[in-house]
Structures are given as structure tokens and as C-alpha cells.
There are 2 protein chains.
Amino acid sequence: MSGPARVTHASTRAAVLDLIRAAGVISRVGLAGASGLTGGTISTVVRGLIDEGLVAETGHAESTGGKRRVMLQLNHFARYAVGVHLDDARITCVLTNLGGAVVARISRARAGADDPATVVAAMAREVDAVIESAGVDRDRVLGLGLVSARPSAHDESGRLLERATGLPVVLDDDATAAAIGEHWSGGVGATATFAALYMGTGIGAGVVLGGTTYRGPSGHTGEIGHACLDVDGPRCRCGARGCLEVLAGPAAVVARAREDRALSRAAGLAGGRTRAAAPVAADFAAISRAARQGNPRAVALLERSARYVAAAARTLANLLDLEVLVLTGPSFAIAGAVYLPVLRAELDEAFIARDAHPVAVRLSPSAASAPAIGAAAIVLQSELVPRRQGLRLPDDLAADEPPVFRQAVR
Amino acid sequence: MSGPARVTHASTRAAVLDLIRAAGVISRVGLAGASGLTGGTISTVVRGLIDEGLVAETGHAESTGGKRRVMLQLNHFARYAVGVHLDDARITCVLTNLGGAVVARISRARAGADDPATVVAAMAREVDAVIESAGVDRDRVLGLGLVSARPSAHDESGRLLERATGLPVVLDDDATAAAIGEHWSGGVGATATFAALYMGTGIGAGVVLGGTTYRGPSGHTGEIGHACLDVDGPRCRCGARGCLEVLAGPAAVVARAREDRALSRAAGLAGGRTRAAAPVAADFAAISRAARQGNPRAVALLERSARYVAAAARTLANLLDLEVLVLTGPSFAIAGAVYLPVLRAELDEAFIARDAHPVAVRLSPSAASAPAIGAAAIVLQSELVPRRQGLRLPDDLAADEPPVFRQAVR
DNA sequence: CTTTCTTTGTTTAGCAACTGAAGAATCTCC
DNA sequence: GGAGATTCTTCAGTTGCTAAACAAAGAAAG
């Protein structure tokens with residue numbers, strides 16, 4: 001009945017590399033068992049990886065009655081990748097090694113101007129600084145991942161940054177990047193079905209299904225910020241009513257807090273006069289601080305938000321049969337301690353398939369820089385995992401054929 | 001920038017067959033273009049399919065300046081499949097040809113007893129009847145798909161039915177089956193990302209992402225009936241509050257209608273005395289009839305339900321970046337006319353990625369028998385599309401390896 | 001210490017599926 | 001009735017895998 005399950009993969013080399021990364025340390029026999037490939041194939045593939053310097057042998061395991069297994073692991077410092085997270089308010093830049101571990105990190109508030117040239121110049125400076133500070137040979141840097149809330153809006157920045165740094169640039173969504181970062185750095189299993197719930201100024205989710213990142217036909221996946229939690233709720237900028245973001249996003253929490261005089265004073269909020277992005281983040285941090293220090297109004301506000309987020313998370317888990325949910329992003333980095341138990345309770349008690357398996361809810365160990373780390377991980381994936389082979393779909397078919405195909409993206 | 005997108009597939013033969021099915025009529029050159037394979041490969045694969053009798057040549061296309069293309073299409077009557085939908089109240093059984101078109105159909109109310117032996121005997125009778133009534137050679141029937149709301153509960157029935165009919169049986173979820181049915185019978189594109197919203201007694205969704213059915217790690221995907229639409233709503237049997245099913249499912253609609261004396265009389269409802277399943281379906285039908293005849297209270301009830309369903313559908317579309325949403329299942333077969341415009345409006349006005357692409361909302365042309373048709377389509381897929389090749393994941397790894405893998409299901 | 005058995009890892013031949021290029025067949029247009 | 005265009009087939013060659021034999025390294029038993 002439950003024979004060996006199978007998972008398609010881009011290429012054997014990439015699959016084996018991925019297994020080694022996910023396992024940390026593993027033997028050839030372990031790889032054969034885990035991949036379903038024969039020992040012979042593993043032998044050849046591993047030799048290639050060792051020749052390329054990507055993998056190294058690291059001692060022996062205890063004998064299980066015969067010859068001892070030679071253990072393998074990633075040669076973590078063979079290659080590097082840069083990840084840049086372009087937030088509303090900050091530029092965060094990391095350099096990671098092959099294992100996705102952060103080697104160097106810079107985070108700086110964004111200077112005033114918003115035109116691509118200025119932003120790109122700032123980013124390029126940080127990138128150079130981060131590579132230099134780690135003393136890494138530039139030839140060993142595979143590329144640069146640039147992630148933001150609306151990647152399509154930064155197409156030009158990407159091109160400019162490519163020229164400015166001399167590194168190949170890939171663009172992606174910050175929530176998706178965060179999910180890939182969690183996946184790559186091994187917190188979740190290689191074939192897990194999971195989501196990274198990302199809370200910055202807005203709320204989004206990166207989705208990985210059975211080990212494969214799901215981006216959707218137009219790259220607009222995981223818009224959990226616009227999950228409906230009240231059909232009669234307040235109107236949202238998306239046109240609908242009762243969206244999670246409007247009911248319980250950081251901006252909503254801050255707005256409510258500002259209406260509360262006592263809390264505003266106690267937490268030292270910036271008040272409603274100043275501009276949008278930066279103050280929201282700052283005030284949300286202030287509220288979280290107040291909550292940590294036991295201010296009951298702050299706690300109540302955050303717990304109210306958490307209830308909504310938990311309901312949306314449950315909806316997501318029920319729709320996708322999630323195994324793992326990781327909380328990440330700047331806002332969870334600050335207030336995760338409040339949200340975590342509420343989400344855990346909700347999913348323990350009300351996940352519909354809980355008899356089949358639980359949903360493990362975890363706080364990302366590096367929630368604040370998760371998108372940047374993920375951006376680097378995307379580079380590692382896209383450079384080390386060769387293009388996914390398969391069957392091409394045409395952008396357009398000959399006119400006499402019925403138009404049955406839609407364009408698949410990325 | 002946007003080069004030819006690629007899609008992985010189980011096997012070339014299956015991929016080509018799938019392309020032919022999706023296209024209806026297509027030439028070898030068309031297949032080469034659509035699949036990315038070379039003409040040579042297509043030539044050999046097609047010859048094999050023709051030899052097997054699955055595909056036939058059907059005349060020529062107009063010349064485009066050289067030799068005319070020989071057009072190919074499925075040999076629809078080369079093979080058949082049986083689909084059985086085991087509902088709370090009914091057994092629906094269809095025989096479809098290779099194209100997923102219904103050749104014969106029987107639907108009968110379930111007799112009283114619920115023990116597997118009795119149910120299987122009843123199903124086997126219907127299966128025999130449906131095959132015989134169509135005068136189809138039993139050797140040409142590939143197998144039988146048995147779908148229900150909780151397939152795992154019918155494991156034994158499956159085995160018994162296999163013995164009783166002599167046909168290989170596959171089990172699946174009714175909502176997933178409905179989605180596959182829509183996909184196979186060509187209503188949506190071959191690589192579409194879409195969901196089939198299934199409303200019977202409960203509400204579920206079958207999900208197809210980029211042409212591939214998504215079932216989730218434990219087969220519990222698309223539980224949209226337990227999407228939260230009111231964090232303070234009434235308690236649901238799943239343990240949570242404000243689930244779509246409790247707020248707006250057929251049972252909820254019927255319960256509200258029964259509280260309304262005037263409506264109960266006007267629609268001739270069965271009343272609250274009788275048992276659960278059958279009366280709910282009957283009363284929901286009665287309410288829908290009343291609505292069609294202009295009863296304002298009935299209309300209001302259904303429109304209220306539709307608002308909730310629409311909000312859940314929007315949530316689903318926003319999470320998965322859906323391109324198409326198909327309404328299907330017995331309840332939409334009856335009341336789809338009320339729900340359709342409400343869902344259309346919601347997704348036209350509030351789908352977050354509507355600037356990138358719309359979400360097409362459609363009513364299934366065969367909503368009542370969609371699960372049964374889908375059940376047959378699953379057989380067609382699983383028999384014609386050989387086992388998906390790839391890398392095996394172990395059920396268990398050696399004890400000394402870190403437990404990074406989870407079992408992938410189906 | 002020697003023998004036997006187990007387990008790990010490598011090598012080899014062979015198979016299946018695909019590509020690329022050459023060529024045959026069929027049609028249009030001049 | 002060529003010349004060129006297009007479709008389809010054929011075939012040699014490449015790739016990536018498996019199966020099976022083999023070599024190497026250790027454990028267990030005498």
C-alpha cells in the first residue's frame with residue numbers, strides 16, 4: 001500500500017545536492033536510500049560534486065556490521081550568495097555561504113529618495129561592503145537575490161543592480177523568499193509542505209508544497225493579508241471587506257493603539273501626524289515592547305491581532321494541508337512571542353486534518369533577516385539547481401491550433 | 001526575458017496524450033511546438049499511440065506553404081472508465097470514454113443499510129448495469145474510480161468493489177475528483193491553475209495547480225468549508241469558530257429556513273424531525289426552487305450564503321493566484337444561478353491580482369455528476385499516465401540519519 | 001589469526017529516452 | 001515542371017539511469 005513515495009526533481013545532481021544540504025551530514029548509502037537512486041548512480045554523482053568542490057567527505061560513521069560509511073557534507077565555504085531585502089524603510093543585505101548560513105550582514109535605514117538610481121547606488125554600496133567585510137573572493141559569489149513586497153515594480157532596479165555589482169540578479173517576493181530561506185537552511189524537511197507567514201508592514205505568505213516553491217501563474221501567491229475574516233468588516237484598499245490586513249495587520253494595530261491615549265503615552269508612540277511606513281514599524285515595535293513589559297492594553301491589542309492571524313493561518317492550513325508553519329519577518333521578530341502561542345493553540349485544536357498529522361508552528365530563528373537570507377537562498381537554488389527540465393509550453397501556438405495553453409510564468 | 005516556460009510531466013507518452021486530449025485536434029508539428037520535444041520524438045511516440053489504438057489520424061490541415069499537417073485526435077471509444085460517486089444520499093455511476101464524455105449514467109438513492117457489503121453490492125449492480133446498458137466490451141474498461149467525501153473511510157469498500165467488479169479501483173476525494181473531471185473534459189486549459197468549488201452537503205475544493213492536481217501530504221486539501229469567516233462566529237464540529245460551512249453551508253441554509261415558518265410552508269420543507277443527510281439535500285433543493293420562483297425570503301437566504309461563499313472563494317483565489325474557479329456539485333447544480341453572479345462580482349472587484357489576470361468563474365455544465373465524471377477521469381489519468389517517475393523518499397531512514405524526510409503521500 | 005559474513009562503495013555493460021541532422025514525402029507557387 | 005517550404009521519418013549518438021559483478025573494509029565466530 002504505502003510503497004516508496006516518489007518526488008520528481010529538476011536533475012539528479014541537484015536532487016542529491018539538496019538531500020545533502022537538507023540532511024547536513026549523510027553517507028552515500030543514506031543518499032541512495034533517500035533518493036531511490038542506486039548506489040552506482042550516487043557514487044558517480046557524488047564524485048562529480050566532490051570534484052566541483054561543492055561537497056566534501058568528513059570522516060566515518062560507526063560500523064553497522066560492515067564497512068563504515070563515509071560521511072558527506074556540503075563544502076559550505078565553496079560558494080557564496082548575496083541576498084538583499086528592500087523594505088519600505090530599510091535595506092538589509094546578507095552574504096551567505098552554500099548552506100544558507102549568514103557570513104556577513106548589514107541593515108541600514110533607507111535614505112530619503114526613492115528613484116531607482118539612488119536606491120540601486122545604496123544597495124550596491126551595501127553589497128560591496130558585505131562581501132568585503134567577510135573577505136570573500138568575488139568569484140565565489142554566485143549571484144544576488146533582490147526581494148521586496150512588489151518585485152515586479154523593481155524590474156529596472158534589478159537590471160541596474162546587475163550592472164552596478166557585476167553579479168547576476170534574480171528578483172522575488174519577500175514572503176516567498178522567506179519561505180525558501182527557511183527551507184534552504186534546513187528548518188523544515190526537504191519535501192515538507194509548509195508556509196512562511198511573513199509579517200512586515202503588510203502580511204503575506206510564502207508557500208512551499210512538497211518541497212517545491214509555489215509561485216502561482218502570475219507570482220501573486222500567498223496573499224493571506226487579503227483573506228476575508230469578516231464579510232461585513234471594514235473596507236480594504238483591495239476593494240473587499242474584512243481583510244486580515246485591515247483587521248489585524250501591524251498598521252491596524254498601530255492605528256488602534258494611537259486612538260488609546262493611555263497606551264500612546266505609555267508606549268511613547270510617534271502619533272498620527274507623520275508619514276506612513278517608517279512610523280508604523282516603529283510604533284508597532286513600541287507597542288510590542290510595552291506588551292513585553294506587561295502593559296495590559298498593549299497585550300490585549302496584540303492578542304486581538306493574533307486571534308485574527310491565527311484564524312487566517314488555520315484557513316491556510318486547511319486549504320493546503322500544511323505540515324509546518326513558520327512565523328517570520330520583522331513584525332514577528334518583534335512580537336512573535338505573543339502570536340506564537342495563539343497560533344499554536346488554534347492549529348492544535350482546530351486544524352481539520354489534525355488526526356492525520358499536526359501542523360508544527362514555529363518562530364523563525366532569524367525572523368528579521370529571513371527575506372534577505374531567502375533572497376540569497378534563491379540564488380543558491382537557481383545557480384546550483386539547473387533549469388528545471390521538462391516539456392516546453394509555447395508563448396503562442398500556431399493560429400490554427402486551439403488556444404488551450406496559458407503562459408506559465410518563471 | 002520570458003523564454004518558453006517548461007512543465008515537468010510524468011512521461012513523454014502521457015504528456016503527448018494529454019496534449020492531444022487537451023487540444024482536441026492537433027498535428028505532430030503542433031505537438032512538437034507545444035511540448036518542446038523534437039519532431040523525431042513526437043513521431044515515434046505518436047506511432048506508438050496509434051499502434052495502441054489510443055490515437056487516430058483524422059484528415060489534413062490546410063497547407064501553410066508545404067506539406068499539409070496530418071491531424072491527430074484521441075480515439076475516444078478505444079477505452080472506457082467507470083466513475084462512482086458515493087454520496088450521503090445517492091450513488092451516482094457513470095461510464096465515460098477516453099475523452100471523459102459520459103456514455104452512460106445511473107443515479108439512484110442509497111438504500112437504507114450502511115455496512116460495506118450492502119453498499120458495495122449496490123454499487124456493483126449499478127456498475128454492471130451502466131457498462132451493459134452502453135454495450136461496451138468489459139475488456140475496454142480501464143478501471144473504476146470511487147469518490148466520496150472521506151475516501152479513507154471507504155478503504156474496505158474499495159477492496160470489496162474491486163473483487164465484485166473485477167475492475168481496478170482507485171479511491172479519491174469528491175471535490176478533487178470534480179476538479180480533475182473539469183480539467184480532463186477540457187473546460188480549463190491544460191496548465192491552468194484552478195479550483196473546483198464543490199458544494200454537496202458540505203463544502204470542499206479540489207485544487208489543480210499549473211495542470212497538476214494538488215492533494216497535500218495527507219490528502220486533506222481544499223477544506224474550504226473550514227475557512228474562517230468570523231472569528232467570533234458559531235462553533236463548528238471541527239473545533240473552530242465561524243467556519244464557512246457553519247455560516248453558509250447547505251445545512252446552515254436549511255436550518256435557517258426551517259426557523260422561518262412562512263418560508264417552510266411556502267417551500268414545503270421536510271421540517272426538523274427527520275434525520276440528517278437526505279432531508280438537508282431535499283430541503284436545500286426546495287429552498288432553491290422557491291428562490292427560482294421568486295420567493296424573496298428564499299432568495300435572501302441563498303444570497304446571504306453566497307456572500308460568505310464568495311468571501312471564502314476570494315480568500316482561496318488570493319492565496320493560490322487562481323485563474324479559474326468552477327462551481328460544481330449537487331448544491332451548485334441546483335442553486336448555482338444564485339451563487340454565480342455573487343462570486344463573479346466578488347472576484348471581479350476584489351481579487352488582489354486582478355491587474356495581472358482575472359479569475360474566470362464558471363458553473364460546471366454537469367455539476368450534479370461532476371464527481372462521478374471526475375472519478376472516471378482519475379482512472380483515465382492513472383491508467384494512461386504511467387506511475388510518476390522520480391526520486392524515492394523512504395518511509396523511514398536509517399536511525400543514524402537525521403529524520404529530515406516526511407512521507408509523501410500518493 | 002583465520003575464516004566467513006555483512007556492508008559500503010566502484011565499475012561496467014546495457015537499456016531507454018531523447019536530440020540533432022539528414023533525408024524522404026508532399027504540398028504551393030512561379 | 002522545377003524551386004522552395006513544410007511535414008514527417010529515420011538513424012546515429014548522447015545522456016542518465018539500472019543491474020550486477022566486484023573490490024574494499026570491517027565484525028563475528030572459530
Side-chain angles (χ1 to χ4, degrees), chain A residues 4 6-17 20 25-51 55 57-72 386-392 397-401, chain B residues 4 6 8-17 20 25-51 55 57-72 385-392 397-401:
Chain A
R6 279 170 176 274
V7 173
T8 46
H9 244 292
S11 83
T12 309
R13 195 193 85 115
V16 170
L17 195 63
I20 297 173
V25 176
I26 192 169
S27 69
R28 287 177 178 79
V29 175
L31 286 172
S35 65
L37 299 168
T38 57
T41 306
I42 293 293
S43 184
T44 337
V45 171
V46 167
R47 189 180 332 118
L49 292 171
I50 290 177
D51 287 351
V55 167
E57 301 188 334
T58 63
H60 298 265
E62 303 249 313
S63 169
T64 57
K67 180 174 172 179
R68 292 176 303 171
R69 299 177 174 189
V70 177
M71 303 309 279
L72 305 162
R387 316 275 140 256
R388 173 173 284 254
Q389 292 297 318
L391 302 177
R392 190 195 318 147
L397 275 173
D400 62 319
E401 308 289 352
Chain B
R6 281 172 175 271
T8 46
H9 245 292
S11 83
T12 309
R13 195 192 84 115
V16 171
L17 197 61
I20 297 174
V25 177
I26 192 169
S27 69
R28 288 177 178 80
V29 175
L31 286 171
S35 66
L37 299 169
T38 57
T41 306
I42 293 293
S43 185
T44 3
V45 170
V46 167
R47 189 179 332 119
L49 291 171
I50 291 176
D51 287 351
V55 167
E57 301 189 334
T58 64
H60 298 265
E62 303 248 316
S63 169
T64 57
K67 179 176 173 180
R68 291 176 304 171
R69 300 176 174 188
V70 178
M71 303 310 279
L72 305 162
V385 177
R387 318 274 139 255
R388 174 173 285 253
Q389 292 296 320
L391 301 178
R392 190 196 318 148
L397 276 173
D400 62 318
E401 308 289 350

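Letters A, B, ... mirror the listed sequences (proteins, then strands); counts begin at 1.
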Within this structure, what is the [atom1]-to-[atom2] distance between [X] and [N], rounded to whole angstrom?
{"X": "E62(A)", "N": "dT8(C)", "atom1": "CD", "atom2": "P", "result": "14 Å"}
{"X": "R68(A)", "N": "dA28(D)", "atom1": "CZ", "atom2": "C1'", "result": "17 Å"}
{"X": "L37(B)", "N": "dG20(C)", "atom1": "CG", "atom2": "P", "result": "11 Å"}
{"X": "R47(A)", "N": "dG16(D)", "atom1": "CZ", "atom2": "P", "result": "14 Å"}
{"X": "I42(B)", "N": "dC11(D)", "atom1": "CD1", "atom2": "P", "result": "19 Å"}
{"X": "L31(B)", "N": "dC8(D)", "atom1": "CG", "atom2": "C1'", "result": "13 Å"}
{"X": "H60(B)", "N": "dC8(D)", "atom1": "NE2", "atom2": "C1'", "result": "12 Å"}

With respect to the side chain of [X], which nucleotide from [options] is positioned closest?
{"X": "R69(A)", "options": "dT18(D), dC8(D), dT8(C)", "value": "dT8(C)"}
{"X": "T38(A)", "options": "dG9(C), dC8(D), dT18(D)", "value": "dT18(D)"}
{"X": "V29(A)", "options": "dT8(C), dT6(D), dT11(C)", "value": "dT8(C)"}
{"X": "K67(B)", "options": "dG9(C), dT6(D), dT10(D)", "value": "dT6(D)"}
{"X": "S63(B)", "options": "dT18(D), dC27(C), dT8(C)", "value": "dC27(C)"}

For this session: On DNA chain C, check which nucleotide each of G39(A) and G65(A) is closest to and give me the residue with the more 5' one.
Result: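 It is G65(A), whose closest nucleotide lies nearer the 5' terminus.
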Problem set entry | Any R28(B) side-chain nitrogen or oxygen under 4.0 Å from OP1 or OP2 of dT9(D) |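 Yes, R28(B) has a side-chain N/O under 4.0 Å of OP1/OP2 on dT9(D).
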Exercise. Under 4.0 Å: is that the gap between some side-chain N or O of R13(A) and OP1 or OP2 of dG16(D)?
Worked result: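 So the side chain of R13(A) is outside the cut-off, no N or O lying under 4.0 Å from OP1 or OP2 of dG16(D).
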Exercise. Going by heavy atoms in the side chains, are R47(A) and R28(A) under 4.5 Å from each other?
Worked result: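 They are not in contact (no side-chain heavy atoms under 4.5 Å apart), so the answer is no.
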Exercise. L49(B) versus L72(B): any side-chain heavy-atom pair under 4.5 Å?
Worked result: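 A side-chain contact under 4.5 Å is absent here.
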Exercise. If every non-hydrogen atom of I42(B) is compared with every non-hydrogen atom of S35(B), which pair is closest and at what distance?
Worked result: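 Nearest pair, atom of I42(B) first, then S35(B): CD1-OG, 3.7 Å.
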Exercise. So how far is it from S63(A) OG to R68(A) CZ, rounded to the nearest 0.5 Å?
Worked result: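 Between atom OG of S63(A) and atom CZ of R68(A) there are 8.0 Å.
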Exercise. Rounded to the nearest 0.5 Å, what separation is found between the CG atom of L31(A) and the CD1 atom of I26(A)?
Worked result: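 So the CG of L31(A) and the CD1 of I26(A) are separated by 4.0 Å.
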Exercise. With sugar-phosphate meaning primed atoms plus P, OP1 and OP2, does T41(A) contact a base, only sugar-phosphate, or nothing at under 4.0 Å between heavy atoms?
Worked result: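 Result for T41(A) = base.
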